[in-house]
Amino acid sequence: MARLVIVSNRVAPLRESGPMAGGLTVALEEAVKRREMLWFGWSGETSDRQEPRLSSSGNRTHALIDLTAQEHRLYYTGFCNGMLWPLLHYRFGLAQFRRAEEEGWRHVNHRFAEQLVPLLREDDTIWIHDFHLFPLAAALRALGAKQKIGFFLHVPFPPPALFAALPRAAALLRDLQAIDLIGVQTDEDAAHLTDALQQQEVSTPVGVFPVGINAEAFARAAEAAAGRKDAQSFRQSLANRKLIFGVDRLDYSKGLPQRVLGFADLLKRYPQHRGGVTFLQVAPVSRGEVAQYRLLRREMDELVGRINGEYAEVDWVPLRWTTRPIPRRTLAGYLRISNIALVTPLRDGMNLVAKEFVAAQPPEDPGVLILSQFAGAAREMNGAVKVNPNDPDEIAEALDFALSMPLAERQERWRMDFDTLAQAGASGWSRHFLAGLNQAEFSPSG
């Protein structure tokens, strides 16, 4: 079987594996179990070192390159986080375009290509991941790479009219002609991207491949984690109160202000829940060097303080808020003991937390998933209570509905979603994408 070459902005540590590993590592695990893999990307460090550092374990090899401080500022902080991220999440008003940053982004993609090409074999299959590396396939083709190249976009793709507001958007779309197959999470994303490509006469096929999880393995891991000392200590601190749980990066796409305002509306409009429920929101700081993220943290700190000041009792704090990272094993235990998962991004490619909550729940007494209609997972999780995350009142009404839901209905909704997750599995995503890529034929012209 041909070697699989994964290229992503960041590379997970070689030691990470199993259901408690994060993000792309979990999703790719099944794809690489029985084949050799090279994983290439940024080390997460800045230095003037140019050559990649290689390390191997079993059938895996990692090739990591450092960025210079200027490359990091232009490529990552600037164009990726300051322009592409808000644009792709429908938040163009927060986007800032600077031509120097776009050129720095292209420079880093070209440097990735220059460093990767000498490591390639003739029969490799290359799989590029996410918006940071939109132009990488074109850079590889320019250097003579003839291997199969797939690309997966993990985040949403907006309507073509919105994407066209990006300066030089047409050039970016034309770069995607170098790819054999593009994968996205939802039918809506596929329609938007296909339309945008066709407007530039780009013929690259776009397919829908929603990322899944290994529900059974995560369920076992969550059950074990719930029995650990940290989860048990947390459960005792709740004093038999019901637990609403949210976990997201501290990011404006996650709808955190609207979420906590919805919880405040629950306490105001449905006073019977006061003193009987605790909301824990975990939001580790990300991209703290970006101004919008610093403002969001300040806004959240003020909102949480105001809500707790208005509703707390001497023996009850309604809203617990932390921006410190919590180990995934601990979070899995928290998901297991939660009564409600509040997953309300304003826009999200998929959101695996929603799926992990369903997998973690005890079948005999499952909790309720409240899910944004604008999360990719909403297309699959038909047992969830769907909300428009822009409306705190609707969030409050959903919380009251979920807190009052009879056991039989909770079990029915949970079973529907768990069966969906179990049927899709973790391996279906990568298996179906790579099968499609194997059948695709590269067309160098539109």
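No side-chain donor-acceptor contact under 3.5 Å links Trp39 to the backbone of His62. Side chain of Gln115 to main chain of Gln50: a donor-acceptor pair is present (N/O by atom type, distance under 3.5 Å, no hydrogens or angles). In this structure a side-chain-to-backbone donor-acceptor pair under 3.5 Å is present from Arg259 to Leu342. Put simply, the side chain of Asp48 never gets that close to the backbone of Asp66: no donor and acceptor are under 3.5 Å apart. Of the possible polar contacts, one joining the Gln292 side chain to the Leu94 backbone as a donor-acceptor pair under 3.5 Å is found.
Salt bridge status for Asp251 with Arg91: absent, with no side-chain N to carboxylate O gap under 4.0 Å. The existence of a salt bridge linking Arg379 and Asp348 is excluded, since no basic side-chain nitrogen approaches an acidic carboxylate oxygen closer than 4.0 Å. For Glu102 and Arg106, the salt-bridge test passes: some basic side-chain N is under 4.0 Å from an acidic carboxylate O. For Arg347 and Glu188, the salt-bridge test passes: some basic side-chain N is under 4.0 Å from an acidic carboxylate O.
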Q | Verdict with supporting geometry, Phe245 and Ile337, side-chain contact (heavy atoms from CB on, under 4.5 Å) | A | CA-CA 9 Å; Phe245 186 40; Ile337 66 177; over 6 Å; no
Q: Could you go through the side-chain hydrogen bond (donor to acceptor under 3.5 Å, both in side chains) check for Thr344 and Ser372 one step at a time?
A: CA-CA 4 Å; Thr344 56; Ser372 165; over 6 Å; no
Q.
Would Arg329 and Arg228 count as a side-chain contact (heavy atoms from CB on, under 4.5 Å) here? Give the steps.
A. CA-CA 10 Å; Arg329 188 177 302 277; Arg228 289 164 56 96; 3.5 Å; yes
Q | Worked verdict on Ser237 versus Arg320 for side-chain hydrogen bond (donor to acceptor under 3.5 Å, both in side chains) | A | CA-CA 12 Å; Ser237 77; Arg320 302 188 192 185; 3.0 Å; yes
Q) Does the side-chain hydrogen bond (donor to acceptor under 3.5 Å, both in side chains) test come out yes or no for His107 and Glu103, once each step is laid out? A) CA-CA 6 Å; His107 162 78; Glu103 291 172 349; over 6 Å; no
Q: Under the side-chain contact (heavy atoms from CB on, under 4.5 Å) rule, what do Leu243 and Leu280 come out as? Steps first, then yes or no, please.
A: CA-CA 7 Å; Leu243 175 61; Leu280 170 64; 4.1 Å; yes
Q: Under the side-chain contact (heavy atoms from CB on, under 4.5 Å) rule, what do Ser8 and His154 come out as? Steps first, then yes or no, please.
A: CA-CA 11 Å; Ser8 59; His154 291 262; over 6 Å; no
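Dense packing is recorded around CG of Asp123, with more than 12 heavy atoms of other residues, nucleotides or ligands lying under 6.0 Å away. For Gln200, the CD atom sits in a packed shell: over 12 heavy atoms of surrounding residues, nucleotides or ligands are nearer than 6.0 Å.
Contact record, Thr46 with Ala69: CB-N, 4.2 Å, taken as the closest heavy-atom pair. Minimum interatomic distance between Arg49 and Arg111 (heavy atoms only, all atoms of both residues): O-NH2, 3.4 Å. The minimum heavy-atom distance linking Tyr334 with Ala231 is given by the pair CE1-CA, 4.1 Å. In this structure, Ala137 and Ile179 approach most closely via the heavy-atom pair CB-CG1, 3.5 Å. Nearest heavy-atom pair, Asp417 versus Glu380, reported as atom, atom and distance to 0.1 Å: OD1-O, 4.1 Å. Closest heavy-atom contact between Asp248 and Leu256: OD1-CD2, 3.9 Å.
Within the 4.5 Å cutoff, side-chain heavy atoms of Leu166 are placed close to those of Leu84. Residues Leu74 and Phe79 are not in side-chain contact: their nearest non-hydrogen atoms beyond the backbone lie 4.5 Å or more apart. Using a 4.5 Å heavy-atom cutoff, the side chains of Leu399 and Asp265 are not in contact.
With rounding to the nearest 0.5 angstrom, the CG atom of Leu120 is 4.0 Å from the CG atom of Leu116. One distance of note links CG of Asn59 with CE of Met37; it measures 7.0 Å at 0.5 Å rounding.
Aromatic ring centres of Phe157 and Phe131 lie farther apart than the 6.0 Å criterion allows. Ring pair Trp42/Tyr75: centre-to-centre distance not below 6.0 Å.
His132 and Tyr76 have parallel rings, their planes meeting at less than 30° on a 0 to 90° scale where 60° marks the start of perpendicular.
For the residue pair Ser203/Gln177, the side-chain donor-acceptor check at 3.5 Å is satisfied.
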